[in-house]
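I have placed the structure first, in the form of structure tokens, so that the comments after it can refer back to it.
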Amino acid sequence: MPRSDLGPTHEVTNQPPPLVGHDGSEDPALLAALDREGAGWHLADLRRLGRLAGSEQALRWAEQADRNPPELRTHDRYGHRIDEVDFHPAWHALLDVAVREGMAGAPWADPRPGAHVARAANILVWGTVEQGHLCPVSMTYAAVPVLRAAPALAARYEPLLTSRVYDPGLRPPDGKTGLLAGMGMTEKQGGSDVRSNTTTATPRADGTWRLRGHKWFTSAPMNDAFLVLAQAPAGLSCFWVPRVLPDGSRNTFRIQRLKDKLGNRSNASGEPEFDDTVAWPVGPQGRGVRTIIDMVALTRLDAALASAAGMRAAVTAAAHHVRHRRVFGTLLIDAPLMRVVLADLAVESEAATTLVMRVAGAVDRAVGGDPAEQALRRIATAVAKYWVCKRVPGVVVEALECLGGNGYVEESGMPRLYREAPLNGIWEGSGNVNALDVLRAVGREPDAVDALATEIERARGGDTRLDRAWDELRGGLATAAGDPGGARRVVERLALVMQGSLLVRHAPAAVADAFCATRIAGDGGLAFGTLPAGIDIPGILDRIASVGAPADSVGDIRHVSDQDRNAS
């Protein structure tokens with residue numbers, strides 16, 4: 001049969017090219033922070049990872065992992081209980097990169113100053129690809145310092161937790177080349193109130209314990225081992241629970257079901273039941289929360305890092321679209337209102353990136369023994385976790401709207417970002433939990449408040465609006481600890497002032513001025529795209545790298561100034 005002529009209606013025009021073939025690390029705020037926070041030596045490797053993150057292969061992995069969620073197999077064909085989770089090969093490919101590039105436990109075995117900063121930068125880059133697989137990576141990273149509370153266990157398993165080899169599958173831990181760890185705290189009746197847990201722990205004569213209970217939300221149940229909270233005779237305690245025992249037998253870890261989640265669909269989250277489950281104690285009996293708190297703090301930092309990565313991905317996608325899409329005879333990037341929207345999003349993303357990298361620097365220096373950075377880490381982690389995780393949903397929604405209907409279809413990748421956006425605000429303590437945690441630090445830990453004040457004061461004199469805001473805020477901190485109902489208001493202001501201080505010191509004047517005018521002085525609306533007149537829009541847009549466009553950046557001088565455009 002002769003081929004029919006499809007006609008001109010089937011010609012595809014005015015559509016942006018695929019967002020592939022770029023360097024996902026191309027971000028001046030990120031690269032400057034990498035060097036400033038002590039990991040400049042990691043630049044070449046970060047660039048290499050960035051090129052992989054922007055590749056067509058990485059995009060395909062992300063789509064496949066999201067479209068093919070994990071499947072639970074409770075029994076084998078003969079009826080034996082196995083409690084295994086099957087994943088698409090794309091999941092394993094993503095996780096292999098993350099572990100190989102040191103995003104799991106590797107920094108704890110790296111003596112170089114800046115190792116934890118380098119890891120944070122990797123997450124900001126690789127997290128733009130797909131975030132579900134970062135959950136087991138994050139928990140493995142955070143488990144290492146906790147396990148050190150049990151020196152014998154740490155000596156045996158830390159070399160495997162810090163390995164750069166991804167070795168999936170349930171086998172005896174000692175026979176593997178790398179381990180992934182998880183965390184089991186949440187139960188049905190308590191949620192964040194882990195002290196109400198009912199899982200019990202009973203000691204045995206051989207030094208092991210036996211757990212009995214049911215966890216309500218345990219992510220990555222396919223991991224090799226878990227740090228679990230359970231009620232011992234002396235109170236809530238922490239335990240090491242391997243999936244496979246040293247003798248090769250399966251530990252009792254019955255996965256009752258996998259959660260059907262809004263987002264994070266590539267990652268398995270399940271409900272394990274313990275029934276005479278073998279466990280080893282980690283830390284003193286009755287001090288479980290105190291023992292595991294370092295793990296919570298580190299996973300909170302990762303929640304903020306992933307949220308900042310989500311912002312970066314969303315802003316990059318929006319910038320790419322408006323650079324290529326024409327409406328009413330002009331490129332969208334040349335439309336004055338679109339330029340304001342994109343600039344406002346870029347300011348928010350840069351503020352988030354700069355803040356989380358500063359916290360990563362505090363973690364790195366705290367690990368190295370700096371007491372002031374340890375104090376700053378204590379309060380700044382909760383501040384960043386609260387605020388950055390709160391901001392990412394709005395950024396993603398506005399960026400999606402920049403793509404219009406194109407952004408509402410799955411092929412664009414924006415719906416995946418949208419579904420992922422609320423997650424980090426919930427995991428590792430909801431917004432209220434983190435806000436109240438900051439208030440506790442304000443009321444009980446003067447060293448933490450002093451460290452935060454020292455950090456903010458470094459920008460003194462750089463912007464009068466910031467100075468006034470900090471003076472007003474600090475004056476009210478003394479009474480803030482006694483007003484839990486005002487926790488969110490105080491923590492939001494702390495986050496904004498800290499971001500403002502960092503941007504005034506380290507960002508271009510265009511970015512710092514826009515941030516202080518809108519977020520600090522309040523000269524902006526409640527929605528993105530409400531920057532006041534006089535803001536240097538081209539200077540902000542110049543911070544967003546181009547992808548597959550003839551110019552190097554959306555703020556390129558090929559665009560006439562906004563004032564000239566409006567005048568014409």
Side-chain angles (χ1 to χ4, degrees), residues 61-96 98-99 104 130-140 143 166-173 176 178-189 191 197 199 211-230 240-245 248-279 299 416 419-420 423 426-427:
W61 286 337
E63 292 175 344
Q64 291 172 339
D66 185 66
R67 290 180 181 274
N68 298 275
E71 296 182 358
L72 172 62
R73 290 193 298 126
T74 56
H75 297 77
D76 67 13
R77 59 181 292 194
Y78 303 106
H80 302 119
R81 188 91 195 200
I82 57 173
D83 297 289
E84 294 188 358
V85 184
D86 290 338
F87 290 85
H88 190 274
W91 161 274
H92 295 294
L94 290 165
L95 201 47
D96 179 69
V99 174
E130 198 280 331
Q131 295 194 358
H133 75 287
L134 294 180
C135 181
V137 167
S138 175
M139 291 189 295
T140 303
Y166 174 53
D167 189 358
L170 294 180
R171 301 190 303 281
K176 300 189 73 174
L179 297 179
L180 294 178
M183 174 170 51
M185 296 195 298
T186 307
E187 296 186 5
K188 283 175 274 199
Q189 74 290 342
N197 284 0
T199 296
L211 305 189
R212 178 167 281 107
H214 186 153
K215 296 297 179 181
W216 180 240
F217 214 112
T218 297
S219 282
M222 61 288 174
N223 282 4
D224 298 286
F226 294 81
L227 288 164
V228 174
L229 292 182
W240 175 257
V241 179
R243 288 294 314 269
V244 180
L245 297 172
S249 62
R250 296 284 181 99
N251 207 359
T252 305
F253 193 97
R254 301 191 186 113
I255 306 174
Q256 301 293 24
R257 62 172 174 165
L258 297 184
K259 299 291 192 179
D260 187 7
K261 297 170 292 183
L262 166 68
N264 201 247
R265 301 188 69 85
S266 69
N267 178 42
S269 299
E271 297 179 30
E273 181 183 14
F274 305 133
D275 185 9
D276 202 37
T277 301
V278 181
T299 52
R416 185 172 70 247
R419 289 191 297 270
E420 198 77 17
L423 175 139
I426 299 170
W427 285 8

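No hydrogens, no waters, no symmetry mates; every other heavy atom, side chains included, goes into these values.
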- Ion pair check, D76 and R81, cut-off under 4.0 Å: no
- Query: Just how far is it from atom CH2 of W91 to atom CG of N68, taken to the nearest 0.5 Å?
  - Reply: 13.0 Å
- Task: Answer yes or no: is there a donor N or O on one side and an acceptor on the other, between the side chain of D86 and the main chain of E71, under 3.5 Å?
- Result: no
- Separation between CG of L258 and OG of S219, rounded to the nearest 0.5 Å: 10.5 Å
- Message: Looking at K259 and E271, is any side-chain nitrogen of the basic one under 4.0 Å from a carboxylate oxygen of the acidic one?
- Response: yes
- Message: Under 4.0 Å between a side-chain nitrogen and a carboxylate oxygen: does that hold for R250 and D83?
- Response: no
- Message: Just so I know, are the side chains of L179 and T140 near enough to count as touching, which here means a heavy-atom distance under 4.5 Å?
- Response: no
- Quick one: pull up SG in C135 and CG in L423 and give me the separation to the nearest 0.5 Å. 8.0 Å
- Item | Stepwise side-chain contact (heavy atoms from CB on, under 4.5 Å) check, R265 with D260 | CA-CA 8 Å; R265 301 188 69 85; D260 187 7; 3.3 Å; yes
- Task: Would you give the length of the straight line joining atom CD of Q256 to atom CG of L72, rounded to the nearest 0.5 angstrom?
- Result: 9.0 Å
- Verdict with supporting geometry, T252 and T277, side-chain hydrogen bond (donor to acceptor under 3.5 Å, both in side chains): CA-CA 5 Å; T252 305; T277 301; 4.6 Å; no
- Item | Point-to-point distance, once rounded to the nearest 0.5 Å, from CZ of R416 to CD of E130 | 6.5 Å
- Query: Looking only at heavy atoms, which two atoms of G169 and K176 are closest? And how far apart?
  - Reply: O-NZ, 2.7 Å
- Are the side chains of L170 and I82 in touch, meaning some heavy atoms are under 4.5 Å apart? no
- Minimal non-hydrogen separation, I255 against P221, with atom names: CD1-CB, 3.8 Å
- Query: Testing F253, F226, F274 for side-chain contact (heavy atoms from CB on, under 4.5 Å) with K215, which one passes?
  - Reply: F274
- Task: Identify the heavy atoms of R212 and D276 that sit nearest to each other, and give their distance.
- Result: NH2-N, 3.7 Å
- Task: Write down the atom of L245, the atom of P173, and the distance for their closest heavy-atom approach.
- Result: O-CD, 4.5 Å
- Message: Would you say that P136 contacts N267 through its side chain, given a criterion of any heavy-atom pair below 4.5 Å between the two side chains?
- Response: yes
- Task: Assess whether side-chain contact (heavy atoms from CB on, under 4.5 Å) is satisfied between S138 and W427, documenting all intermediate values.
- Result: CA-CA 12 Å; S138 175; W427 285 8; over 6 Å; no
- Looking just at side-chain N and O atoms, do N264 and E420 make a donor-acceptor pair shorter than 3.5 Å? yes
- Item | Nearest heavy-atom neighbours spanning A268 and M222 | CB-SD, 4.3 Å
- Query: Using the ring of each side chain (for Trp, its six-membered ring), is Y78 parallel, tilted or perpendicular to H80, with breaks at 30° and 60°?
  - Reply: tilted
- On a heavy-atom basis, the closest approach of M139 and A220 is CE-CB, 3.8 Å
- Message: Within this structure, what is the CZ-NZ distance for the pair R419 and K261, rounded to the nearest 0.5 Å?
- Response: 12.0 Å
- N197 side chain vs M185 backbone, donor-acceptor pair below 3.5 Å: yes
